[in-house]
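The block underneath contains the structure these notes are about, expressed in structure tokens.
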Amino acid sequence: MEAENELIRVRKEKLAALRQLGVEPYGGRFERTHSTQEVICNFESLEGREVALAGRLMAVREHGKATFADLHDQAGRIQLYVRLDRVGEAAYRIFTQLLDLGDILGVRGTVFRTRRGEISVEVGDFNLLCKSLRPLPEKWHGLKDVDLRYRQRYLDLIVNPEVRQVFFTRAKVLKAVRAFLDRRGFVEVETPTMHTIAGGAAARPFITHHNALDLDLYLRIALELHLKRLLVGGIEKVYEMGRIFRNEGISTKHNPEFTMLELYHAYADYHDMMDLLEEMVAFVAQEALGTTKVEYQGEVLDLTPPWPRITMLEAIKKYTGVDFAPLSQEEARRAAEGLGLELEPGLSRGKIINEVFEAAVEPHLIQPVFILDYPVDISPLAKKREDNPEFTYRFEAFIAGRELANAFSELNDPLDQRERFEAQLRERAAGNEEAHMMDEDFLRALEYGMPPAGGLGMGVDRLVMILTDSPSIRDVILFPTMRPREDGDSHK
RNA sequence: GCGCCAGUAGCUCAGCUGGUAGAGCAGCUGACUCUUAAUCAGCGGGUCGUGGGUUCAAAUCCUACCUGGCGCACCA
């Protein structure tokens, strides 16, 4: 318990005083006729009529025998006008002396427009629906302290209306993604979040324990392997949008739990996935924002399809001038070092190429672009290119210098898949904690036969960041992971 | 994990090279019946993130720790 400060004490005294007067400070049901927004939008027809509104009292301007106040609800704000000669002495005294900023009220009154032109409600009577005991952050500057904003998101939402807007946009994005895929015949499924084998991506998992089975379980790091089992089972167009968990560092682009969309389309390939992704992102932007040109951190991003498609090797050549295609592993290493990279010993040719790409190319990929044909040794679930088995039919989509999506023509050769897993196991044995685990049941499924398919994974949070001009992933996650604090402020 | 920066009233912030804490908003008292960051007059409010140290004296200097931000690393 924290020490009670004077401001809280005063509010508790008002609470007691209200009860003394027979006013219940925690009301129940209140029937609204309109939202604040509706009153303002429909002023013409509502002028002079009675409305009932509810919301939080966010400002009070007292003028002796008349008082103005601001009432906020989910969609907006409206001014209240309270006159002593209309509400009566007792009610007026309650309004001006026993209410506080932050209290939740139901009001009934008459819609009118003030001399200065502001649409307002002249209050006839009001009900206290909830007495607020804690002082709110400042009305003008709001809540700036990012630590408090994330830990006490409810406060952030109360005083920073633009934050609420971000999460309304997020809701529209989720809805639009589902609408887009549903319309194309994709089936939405839910697969386990607790896995006995954490597969489908290169990442460290969280571990938890099931008591009755006395079994350690991993929180999922990807959706991939279960969704592909569904392809085996005959579901030809399938998707899941859900939370995944990776036991990694936290940054402006990484939260330990985040939302991933994965979809699989039987008999398609990665070219189909490119078509689908660019159309989906454009559709979602149109639905959520009404445009496919969005401003992100001062750059205008044009999400309108088609997006350019360029192979990884071509992209490297374009941004570094070096063509890695003909280089041997040793030559590639020297070329990378010539570009200023420091490389661990023993990296394969494919990994060296990927390092060069990440360091020299990624930061330049501001406008949406597809990067094609990733090296096979960093793509253990993707089908090899027929014309060059060192590379795969895999692409990543980049926007604003970061990866938005990852997709490939899915590997459906069970023998090849087993070899890839075995290569991953060798990496694990060599100390790479993020290398894939062997998944015998997944291999068994492939042995029954999985149709060739295109598969796609997209970071939903990152898309929301772009569409809401948010610099940090924490701005688009309501309750981001934070280290707990002893005073009990935290949520995690 | 490493580096840099920050933490002062409920909130937003000021406080120079050490001299014992200040403003605005919010709160309280009073005035005011069309204000809107209402206005005017007055009042109260602080373990200066935490613990050590230096000093006659520390919000200020040193140090360790806590929390956060940003960058790097890790990471798709």
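Side chains are part of it too, since the values below use all heavy atoms of this structure and drop only hydrogens, waters and symmetry mates. In what follows, chains carry the letters A, B, and so on, assigned in the order in which the sequence lines appear, proteins first and then strands, with residues in each chain numbered from 1.
Distance CD1 (A/Ile473) to P (B/C70): 12 Å, rounded to an integer number of Å. Rounded to whole Å, the distance from CE on A/Met482 to P on B/G7 is 17 Å. The distance between atom CG of A/Asp147 and atom C1' of B/U12, rounded to the nearest whole Å, is 16 Å. Remark: P of B/C75 and CZ of A/Arg246 are 12 Å apart, rounded to the nearest angstrom. Atom CD in A/Glu358 sits roughly 9 Å away from atom P in B/C74 (whole-Å rounding). To the nearest angstrom, C1' of B/C74 lies 16 Å from CD of A/Glu342. Rounded to an integer number of Å, the gap from NZ of A/Lys351 to C1' of B/C74 is 14 Å. In this entry the distance linking CZ of A/Arg474 with C1' of B/C70 reads 10 Å, nearest Å.
In this structure, A/Arg113 satisfies the cation-pi test against A/Phe43, with its NZ or CZ atom closer than 6.0 Å to the six-membered ring centre and inside 45 degrees of the ring normal.
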Going 5' to 3' through nucleotides 27-38 of chain B, assign each nucleotide B (protein heavy atom under 4.0 Å from a base atom), S (under 4.0 Å only from sugar-phosphate atoms) or - (no protein heavy atom that close). SS---BBBBBBB
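The pairing partner recorded for B/C56 is B/G19, the criterion being a Watson-Crick or G-U wobble arrangement whose two distances lie under 3.5 angstrom. Within the shown strands, B/C2 is the pairing partner of B/G71 under the Watson-Crick or G-U definition, both distances less than 3.5 Å. Using N1 to N3 plus N6-O4 or O6-N4 for Watson-Crick, or N1-O2 and O6-N3 for G-U wobble, each under 3.5 Å, B/U47 pairs with nothing. Across all strands shown, B/C32 has no partner, as no Watson-Crick or G-U wobble contact with both distances under 3.5 Å is found. The partner of B/G24, taking Watson-Crick or G-U wobble pairs whose two distances both stay under 3.5 Å, is B/C11.
In this model, no donor atom of one side chain and acceptor atom of the other lie less than 3.5 Å apart for A/Glu62 and A/Thr96. There is a side-chain donor-acceptor pair under 3.5 Å between A/Arg86 and A/Thr110.
Across B/A26 and B/U36, the matching P atoms stand 14 Å from one another, rounded to whole Å. Only the C1' atoms considered, B/U55 is 10 Å distant from B/C61, to the nearest whole Å. Rounded to whole Å, the separation between the P atoms of B/A64 and B/C4 comes to 11 Å. Taking atom P in both B/A14 and B/A23, the straight-line distance is 16 Å, to the nearest Å. Taking atom P on both B/G42 and B/A58, the two are 34 Å apart, rounded to the nearest angstrom. Going from the P atom of B/G52 to that of B/C13 covers 30 Å, rounded to whole Å. Remark: the separation of the P atoms in B/C65 and B/G10 is 28 Å, to the nearest Å. Comparing B/G19 with B/A59, their C1' atoms sit 13 Å apart, to the nearest whole Å.
The residue A/Ser251 sits apart from the nucleic acid: no heavy atom pair falls under 4.0 Å. Contacts of A/Arg204 with the nucleic acid, taken as non-hydrogen atoms under 4.0 Å apart, are absent. Here A/Ala203 lies in heavy-atom contact (under 4.0 Å) with sugar-phosphate atoms only. Among the atoms of the strands shown, base atoms are found under 4.0 Å from some heavy atom of A/Asn354. Residue contacts shown for A/Tyr374 include a base, since a base heavy atom lies under 4.0 Å away. Using a 4.0 Å heavy-atom distance criterion, A/Glu248 is classed as a sugar-phosphate-only contact. A/Ile221 comes within 4.0 angstrom of no nucleic acid atom, judged by non-hydrogen atoms across all strands. Using a 4.0 Å heavy-atom criterion, one finds that A/Gly142 contacts the sugar-phosphate atoms exclusively.
Counting heavy atoms from C-beta on, the side chains of A/Leu411 and A/Asp416 come closer than 4.5 Å. Counting only heavy atoms from C-beta outward, the side chains of A/Asp100 and A/Lys131 approach each other to under 4.5 Å.
A donor-acceptor contact shorter than 3.5 Å is absent between the side chain of A/Gln152 and the backbone of A/Leu155. Not one N or O on the side chain of A/Asn160 forms a donor-acceptor pair closer than 3.5 Å with the backbone of A/Val163. Under a 3.5 Å cut-off, the side chain of A/Arg170 and the backbone N or O of A/Val476 do form a donor-acceptor pair.
Residue A/Ser472 is the one, among A/Ser472 and A/Gly249, whose nearest nucleotide of RNA chain B lies closer to the 5' end (criterion: closest heavy atom).
The six-membered or imidazole ring of A/Tyr374 lies away from that of A/Tyr270, with a centre-to-centre distance of 6.0 Å or more.
A salt bridge is defined here as a Lys NZ or Arg NE, NH1 or NH2 lying under 4.0 Å from an Asp or Glu carboxylate O, and A/Glu89 with A/Arg93 meets this definition.
A sub-4.0 Å separation between OP1 or OP2 of B/G68 and a side-chain N or O of A/Arg151 is present.
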